[in-house]
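Quick notes on the structure that follows.
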Number of protein chains: 2
Amino acid sequence: MSSKVHTQQRILDAAQSLFAESGFNDTSLRQITTKAEVNLASVNYHFGSKKELIQAVLQRYLQVLMPRLDQEFDRLLASQKPNDLTQILSVFVKPLLDLNQLQRRGTRTFLQLLGRGYTDVQGHLRWFINQHYGRTLDKFVLLVQQSCPHLPQSEVFWRLHFSLGSIVFTMASSDALSEIAQADFNEAVDIEGVIRRLIPYLGAAIAAPVYSQDLKTVA
Amino acid sequence: MSSKVHTQQRILDAAQSLFAESGFNDTSLRQITTKAEVNLASVNYHFGSKKELIQAVLQRYLQVLMPRLDQEFDRLLASQKPNDLTQILSVFVKPLLDLNQLQRRGTRTFLQLLGRGYTDVQGHLRWFINQHYGRTLDKFVLLVQQSCPHLPQSEVFWRLHFSLGSIVFTMASSDALSEIAQADFNEAVDIEGVIRRLIPYLGAAIAAPVYSQDLKTVA
DNA sequence: CACACTTTTAAACACCTGTTTGAAATGTAC
DNA sequence: GTACATTTCAAACAGGTGTTTAAAAGTGTG
């Protein structure tokens with residue numbers, strides 16, 4: 001039927017869904033090319049290597065998402081007074097959900113890919129994102145620091161990574177978690193619901209007062 | 001030198017450090033047996049399969065850690081009034097740090113393994129832990145629910161998984177994060193420091209007020 | 001020593017991985 | 001329609017994986 005879709009796109013589409021499902025390491029080129037109904041060698045012909053294919057899959061989302069986030073961060077930075085942390089975090093919601101227009105289950109897929117990328121191929125994705133979108137991320141860190149003047153820089157660093165962990169881990173296993181929530185609480189959960197649950201959680205977490213050092217009741 | 005140490009232990013020791021470093025999927029039996037200086041076939045002889053080896057590695061820690069946690073949970077449950085959330089979370093600190101007596105860098109290794117287990121082999125570890133230590137975990141959930149009576153059960157469920165994500169993700173990439181923290185803030189970070197940073201963060205996060213549903217400024 | 005049992009060993013097994021090759025097919029411009 | 005460039009294809013490549021085999025070595029007991 002849709003045989004006139006270019007091979008590159010068919011590969012990207014097949015790859016992203018398999019990657020999101022099973023991770024990068026556990027998805028072989030043969031699985032991808034079979035699902036895409038293209039020849040095995042075409043991945044290397046069009047993308048060079050599996051590693052570059054992974055980057056291409058992520059880039060399709062990042063190049064849409066990151067400029068929008070950058071714009072939002074600029075908008076918040078322009079306001080005089082420091083912004084509320086919940087406000088800052090809420091900025092992610094619309095750009096993320098808009099990924100559903102890019103692809104059928106775009107938001108979920110992208111966040112799963114992000115999760116896979118951070119856990120599967122140790123460090124590669126972190127380097128890649130920082131290399132390409134470091135400027136944008138710096139704006140976000142600055143916003144958080146402005147909204148939490150009581151926190152030292154290093155504390156913000158750690159807490160943002162703790163937060164990244166919540167997001168990435170939750171999304172990587174979102175299918176399993178949704179199933180459990182469905183079974184245990186008879187509660188249908190979509191990706192938007194999870195995102196909205198995360199915001200007050202992360203907001204309170206990042207802005208939490210620091211641990212009083214002298215309270216060494218243990219150890 | 002220490003050639004009279006039983007083969008099983010040598011395999012477990014080599015496996016756990018390689019697993020913690022590179023994950024389960026990216027560590028081959030040949031790497032393990034080379035490092036342990038034993039024959040390749042001995043893994044299958046002593047443990048049956050790679051999967052069972054992974055479980056054995058985790059079990060060595062879990063069978064020490066979980067009973068202690070169980071005891072602590074019982075102690076807290078015995079007190080009449082609901083416990084402070086920070087108190088509940090602090091209960092993890094000592095048992096976790098005591099793993100350093102079991103093995104040289106026991107705490108770090110175990111937490112890294114936990115991280116790997118939850119992200120690498122999707123679902124297997126979750127099932128395994130729940131199967132063996134579900135009772136203990138239920139006590140913990142109960143304690144959290146008692147300390148947060150304003151939260152519906154499903155909210156506690158999600159927030160505990162968000163928290164698990166922070167821990168697991170942070171530990172899986174703790175080496176990389178420590179390096180960055182060292183470089184950017186000239187701040188030496190050990191595993192205990194990370195744990196102590198996590199407690200106020202998670203405490204505030206889990207107990208955060210729920211999102212006011214009608215605040216739909218976005219979407 | 002001889003017996004039975006456990007453990008170790010080298011080799012092979014069957015299968016899967018990403019990548020490369022060179023010829024065949026297709027598309028495009030003159 | 002011929003010439004050129006792009007793309008597809010089946011096949012093979014070199015290397016890695018977990019697991020199994022059957023013989024050898026070691027170990028403890030009567």
Side-chain angles (χ1 to χ4, degrees), chain A residues 1-59 113 116-117 119-125 128, chain B residues 1-59 113 116-117 119-125 128:
Chain A
M1 36 166 67
S2 57
S3 64
K4 221 51 225 144
V5 188
H6 291 145
T7 308
Q8 302 203 29
Q9 296 242 353
R10 314 200 62 184
I11 295 175
L12 286 174
D13 290 342
Q16 78 168 6
S17 78
L18 288 173
F19 283 155
E21 251 181 73
S22 319
F24 300 111
N25 290 335
D26 291 344
T27 302
S28 71
L29 293 184
R30 282 165 180 82
Q31 289 176 269
I32 295 171
T33 51
T34 299
K35 175 159 189 172
E37 296 179 335
V38 300
N39 187 272
L40 168 62
S42 51
V43 170
N44 292 280
Y45 177 77
H46 285 288
F47 297 94
S49 66
K50 184 181 181 182
K51 192 173 168 181
E52 289 167 281
L53 172 62
I54 295 175
Q55 292 185 352
V57 166
L58 283 163
Q59 264 292 35
L113 289 172
R116 298 296 183 183
T119 52
D120 278 17
V121 275
Q122 245 293 54
H124 290 190
L125 179 66
F128 179 80
Chain B
M1 36 166 63
S2 58
S3 65
K4 223 49 229 143
V5 188
H6 291 146
T7 307
Q8 302 202 32
Q9 296 243 352
R10 314 201 61 185
I11 294 175
L12 285 174
D13 290 342
Q16 78 169 6
S17 78
L18 289 173
F19 283 155
E21 250 181 72
S22 319
F24 300 111
N25 290 335
D26 292 343
T27 302
S28 71
L29 293 184
R30 282 164 181 82
Q31 288 177 267
I32 294 170
T33 51
T34 299
K35 175 159 190 170
E37 295 177 334
V38 299
N39 187 271
L40 168 62
S42 51
V43 170
N44 293 279
Y45 176 75
H46 285 289
F47 297 95
S49 66
K50 184 181 181 181
K51 192 173 168 180
E52 287 166 283
L53 172 63
I54 295 175
Q55 292 185 353
V57 167
L58 282 163
Q59 265 290 37
L113 288 172
R116 299 295 184 184
T119 53
D120 278 19
V121 276
Q122 244 294 53
H124 290 189
L125 179 66
F128 179 79

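The sequence lines fix the lettering, A, B, ..., with proteins before strands; numbering per chain opens at 1.
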(message) If the cut-off is 4.0 Å, is A:T7 near the phosphate of D:dT8, judged by side-chain N/O to OP1 or OP2?
(response) yes

(message) How many whole angstroms separate atom OH of B:Y45 from atom P of D:dG18?
(response) 21 Å

(request) In whole angstrom, give the distance that lies between atom CG of B:N25 and atom C1' of C:dG18. (result) 17 Å

(request) Of all the heavy-atom pairs spanning A:V43 and A:T33, show the shortest one and how long it is. (result) CG2-CG2, 3.7 Å

(message) Just the rounded figure in Å: distance from C1' of D:dT7 to CZ of A:F47.
(response) 14 Å

(request) Heavy atoms only: give me the nearest B:K50-B:T27 pair and the separation to one decimal. (result) NZ-O, 2.7 Å

(message) Between P on D:dT17 and CG on B:L53, what's the gap in Å once rounded to a whole number?
(response) 15 Å

(request) Determine yes or no for a side-chain-to-main-chain donor-acceptor pair under 3.5 angstrom, with A:R116 supplying the side chain and A:N25 the backbone. (result) no

(request) Taking only heavy atoms on the protein side, list every residue of residues 26-43 of chain A lying under 4.0 Å from any atom of DNA chain D, sorted numerically. (result) A:R30, A:N39, A:A41

(request) Might you work through the side-chain contact (heavy atoms from CB on, under 4.5 Å) test for B:N44 and B:L29, ending with a clear yes or no? (result) CA-CA 9 Å; B:N44 293 279; B:L29 293 184; 4.1 Å; yes

(message) Tell me the interatomic distance from A:Q9, atom CD, to D:dT7, atom C1', rounded to whole angstroms.
(response) 16 Å

(request) Tell me whether the OP1 or OP2 atom of D:dT6 has a side-chain N or O from A:H46 closer than 4.0 Å. (result) no

(request) Keeping the roles fixed (side chain from A:S22, backbone from A:F19), state whether a donor-acceptor pair exists under 3.5 Å. (result) no

(message) I need the CZ-P distance between A:R10 and D:dT7, as an integer number of Å.
(response) 16 Å

(message) Without decimals, in angstroms, what is the distance between B:N44 CG and C:dT8 C1'?
(response) 14 Å

(request) Give a yes or no answer on whether the side chain of A:Q9 reaches the backbone of A:H6 with a donor-acceptor pair at less than 3.5 Å. (result) no

